[in-house]
Amino acid sequence: MRLTRWLPALTTGLAVLHLIWVVADLPDEVGSMLSEGFVGTSNNDSRDFATWFFIGGLVLFMIGSTMRWSVRHFGRIPAHLGWWILGIGIFDTLLEPDGGGYAMVLLGCLTLAARPIEPIRQAEHDRAS
């Protein structure tokens, strides 16, 4: 199977890892935020970290679903999405060299290296004809 088909799953997997990581890393903070009703609870540095980590995971879910849709309908992932992922990964790595930005750099490079495939919708249409 080609890289293009695997990239949405890899991105979604990174999103899941992101969300699991924040709960595992800050279980007391996340638990407190949820028990306090979540709204307005990002009120210190540790909770801000947890909030942005959650947001990062949700954004990765959004990117993964966009990739999945694009592959399904067009057989490719737009190059600009790969450039954005790569740029965000480089920026993240420069800000925090010991962080996980390297995963985004790798994901961006893989996205840019992916080759177009036959769209799933087109293949289903061709078989039905």
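Since the structure is predicted, the reported quantities are computational estimates derived from the model, not experimental observations.
Between Ile85 and Met67 the shortest side-chain heavy-atom distance falls below 4.5 Å.
Interatomic distance, CZ of Phe38 versus CZ of Phe54, reported as 6.0 Å (0.5 Å rounding).
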Would you be so kind as to tabulate the donor-acceptor pairs closer than 3.5 Å made by side chains of residues 29-37, with sequence neighbours excluded?
residue: Glu29; atom: OE1; partner: Arg47; partner atom: NE; Å: 3.0
residue: Ser32; atom: OG; partner: Asp28; partner atom: O; Å: 2.9
residue: Ser35; atom: OG; partner: Gly31; partner atom: O; Å: 3.3
residue: Ser35; atom: OG; partner: Ser32; partner atom: O; Å: 3.1
residue: Glu36; atom: OE1; partner: Arg47; partner atom: NH1; Å: 3.0
residue: Glu36; atom: OE2; partner: Arg47; partner atom: NH2; Å: 3.0

Under 3.5 Å, sequence neighbours excluded: what are the donor-acceptor pairs made by side chains of residues 94-116?
residue: Tyr102; atom: OH; partner: Pro97; partner atom: O; Å: 3.3
residue: Thr111; atom: OG1; partner: Leu107; partner atom: O; Å: 2.8

Atom pairs and distances, side-chain donor-acceptor, residues 9-20, under 3.5 Å, sequence neighbours left out:
residue: Thr11; atom: OG1; partner: Leu7; partner atom: O; Å: 2.9
residue: Thr12; atom: OG1; partner: Pro8; partner atom: O; Å: 2.9
residue: Thr12; atom: OG1; partner: Arg68; partner atom: NH2; Å: 3.2
residue: His18; atom: ND1; partner: Phe53; partner atom: O; Å: 2.8
residue: His18; atom: ND1; partner: Gly57; partner atom: N; Å: 3.3

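Connection of Leu86 to Ile77 is not established within any shared hydrophobic cluster, with ILVMFWY side chains joined at heavy-atom distances below 4.5 Å, either directly or through further cluster members. The same ILVMFWY cluster, assembled from side-chain heavy atoms under 4.5 Å apart, contains both Leu60 and Met62. The same ILVMFWY cluster, assembled from side-chain heavy atoms under 4.5 Å apart, contains both Ile63 and Ile55.
Across Ala50 and Val22, no two heavy atoms sit closer than the pair CA-CG2, 3.6 Å. The two residues Pro27 and Asp25 have their closest heavy-atom pair at CD-C, 3.4 Å. Contact detail for Asn43 and Asp48: the closest heavy-atom pair is N-OD1, 4.3 Å.
Applying the side chain to side chain donor-acceptor pair (under 3.5 Å) definition to pairs two or more places apart or across chains, those involving residues 49-58 are Ser42-Thr51. Identified under the side chain to side chain donor-acceptor pair (under 3.5 Å) test for residues 74-86, with sequence neighbours left out: none.
Phe74 meets the ring pair (Phe, Tyr, Trp, His ring centres under 6.0 Å) test with Trp69; sequence neighbours excluded.
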What's the verdict on side-chain contact (heavy atoms from CB on, under 4.5 Å) for Trp21 and Leu26, showing C-alpha distance, side-chain angles and the deciding distance? CA-CA 8 Å; Trp21 187 276; Leu26 298 167; over 6 Å; no
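In this structure, Asp45 places its CG atom where only 12 or fewer heavy-atom neighbours from other residues, nucleotides or ligands lie under 6.0 Å away.
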